[in-house]
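Just below is one structure, and these are the notes that go with it.
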Amino acid sequence: MPELPEVETVRKNLTNELLDDKIENIEIYFSKMLQNTTPKAFVDLVSNRVIEHIGRIGKYLIIYLGSLQEDTKKVLIIHLRMTGRLLVINDNTKVDKHLRCRFFLKSGRYLDFCDQRKFATMALVNKGEEFKWKGIALLGPEPISDDFELTTFYKGLKKSKKSIKAILLDQKLVCGLGNIYSDEALFRAGIHPQKAGEEISQQEAKQLFSSIKKVISEGIKERGTTFSDYRDSYGNKGGFQELLQVYGRARELCFICKNPLEKIRVANRGTTICPKCQK
DNA sequence: GCGACCACCTGATGGC
DNA sequence: TGCCATCAGGTGGTCG
C-alpha cells in the first residue's frame with residue numbers, strides 16, 4: 001500500500017514524465033472517487049490545463065494545474081489509499097481492469113488512475129487552498145524534514161494514552177507512515193507497538209525518532225515497498241521489501257535474536273513483532 | 001476531547 | 001471443484 005516513500009516515488013516518476021504536458025480531456029469511470037465535485041464539473045475545470053508542478057504532502061499527491069487566467073489555477077489532490085496507481089500509458093493495447101479515470105494528454109499518452117479496491121480519492125481545489133483541505137490541514141511534519149523535531153515528537157507522545165502504533169498511524173504527530181513503515185520503525189527501535197505513548201521514555205522516543213527517519217529514507221531510496229499491490233508510474237515494483245525485518249514475516253525467525261516473529265492486532269491493524277526484541 | 005471501532009471495497013486465501 | 005467466510009488496510013465518521 002502506498003505510504004510516503006511510495007507516493008514520493010510516484011511523484012518523481014510523474015514529474016519526469018508529465019511536467020508541461022497538457023490535459024486535453026478526461027473520462028471518469030468511477031465517480032465516487034471524486035470528493036468535492038461532480039464528474040462534469042471536474043472534466044470542465046481540469047481539461048485544457050497544463051501540469052505545472054507535482055508535489056506531495058504526506059501521502060497526498062498534489063498536482064498543480066496552470067491556466068491562461070492566473071487567478072483560476074487549480075490543484076488536484078490525490079490520495080492513493082491502499083491500491084491506487086497512477087500509470088503513464090504510451091499505448092492503449094492493454095487496459096487495466098481497475099481503470100477508474102483516464103486523463104488524455106496532448107503528448108498522445110494517457111495518465112491512468114487505477115484502483116482495485118475503490119478507496120482512492122481525488123479532490124479539486126483552487127491554488128492556495130490545498131493546505132486547508134481536510135486530511136491535509138491536520139497533518140504532522142514530514143519525517144525527513146527539519147520540521148520533525150525530537151522534542152516536539154517526545155512531548156506529543158507523552159500527551160497520548162493511545163498505543164504508539166496508533167499514534168504513528170494517526171498522521172498528526174508525524175505524517176507519511178502506514179502499517180509497513182510503522183512496524184519496521186518500531187522493531188528497529190525495540191518498542192512494543194501496544195505500549196502507550198505516555199509510557200515511552202525519552203531514550204525510546206529518541207530511538208524511534210531515528211528509526212522513523214531511517215526507514216522512510218531507505219524506503220525512498222529503494223523506490224518504496226511492493227508487498228502485494230504497489231507499483232510506480234512505470235508499473236515497476238519497489239525494492240524496500242528486500243529490507244523488511246518484520247512486516248510480512250510472521251512465524252519466520254527474527255534477524256536479531258533468531259526467535260519466531262508473531263502477528264498480533266494493534267490499532268485494528270495486523271502487526272508483526274518480535275516478542276523478545278520489542279518491549 | 002479522546003480513544004475504540006466500523007464502513008468502505010475487491011481479490012486472495014483457507015476451510016469444508 | 002466450488003462455495004463461503006475471513007483477511008488485508010487508510011481514512012473519516014460514529015459512538016461511548
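Only this structure's heavy atoms are used, side chains among them; waters, hydrogens and symmetry mates stay out. Since this is a predicted model, take the numbers as computed values, not measurements. Each chain gets a letter, A, B and so on, in the order its sequence line appears, and its residues count up from 1.
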Query raised in the report: Heavy-atom distance under 4.5 Å between the side chains of A/Met33 and A/Phe30, does that happen here?
Result: yes
Query - Residue whose nearest DNA chain B nucleotide is more 5′ - A/Ala166 or A/Lys97 - result: A/Ala166
**Report entry** Distance, rounded to the nearest Å, where A/Arg100 contributes CZ and B/dC8 contributes P
**Finding:** 17 Å
Query raised in the report: When you check every protein heavy atom under 4.0 Å of nucleotides 4-16 of chain C, what one-letter string (B, S, -) results, 5' to 3'?
Result: ----BBBBS----
Query raised in the report: Going by heavy atoms in the side chains, are A/Lys118 and A/Lys32 under 4.5 Å from each other?
Result: no
Query raised in the report: Is the closest basic N to carboxylate O distance between A/Lys162 and A/Glu198 below 4.0 Å?
Result: no
Query raised in the report: Given axes from five pairs at either end, by how many degrees does the helix from B/dC2-C/dG16 to B/dC16-C/dG2 bend, rounded to 10°?
Result: 60°
Query raised in the report: Counting any heavy atom closer than 4.0 Å, what does A/Ser160 reach on the DNA or RNA strands: base, sugar-phosphate only, or nothing?
Result: sugar-phosphate
Query raised in the report: Should A/Lys165 and A/Arg269 count as side-chain neighbours, where that means a heavy-atom distance under 4.5 Å?
Result: yes
**Report entry** Short side-chain N/O contact to B/dC9 OP1/OP2 from A/Lys32, under 4.0 Å
**Finding:** yes
**Report entry** Integer-rounded Å distance: B/dG3 C1' and A/Lys172 NZ
**Finding:** 11 Å
Report task. Decide if the gap between the ring center of A/Phe153 and the ring center of A/Phe148 is smaller than 6.0 angstrom. Result -> yes
Query raised in the report: Within this structure, what is the CZ-to-P distance between A/Phe30 and B/dT10, rounded to whole angstrom?
Result: 7 Å
**Report entry** Distance test, side-chain N/O of A/Lys161 to OP1/OP2 of B/dG3, below 4.0 Å
**Finding:** no
Query raised in the report: Should A/Thr83 and A/Phe119 be marked as a side chain to side chain contact (heavy atoms under 4.5 Å, CB included) after you check the CA-CA gap, both sets of side-chain angles, and the distance that decides it?
Result: CA-CA 8 Å; A/Thr83 53; A/Phe119 282 3; 5.8 Å; no
**Report entry** Stepwise salt bridge (Lys or Arg N to Asp or Glu O under 4.0 Å) check, A/Arg56 with A/Glu142
**Finding:** CA-CA 10 Å; A/Arg56 178 188 56 73; A/Glu142 299 260 327; 2.9 Å; yes
Requested in this report: Hey, could you give me the OG1/CD distance between A/Thr272 and A/Gln245, rounded to the nearest 0.5 Å?
Outcome: 12.5 Å
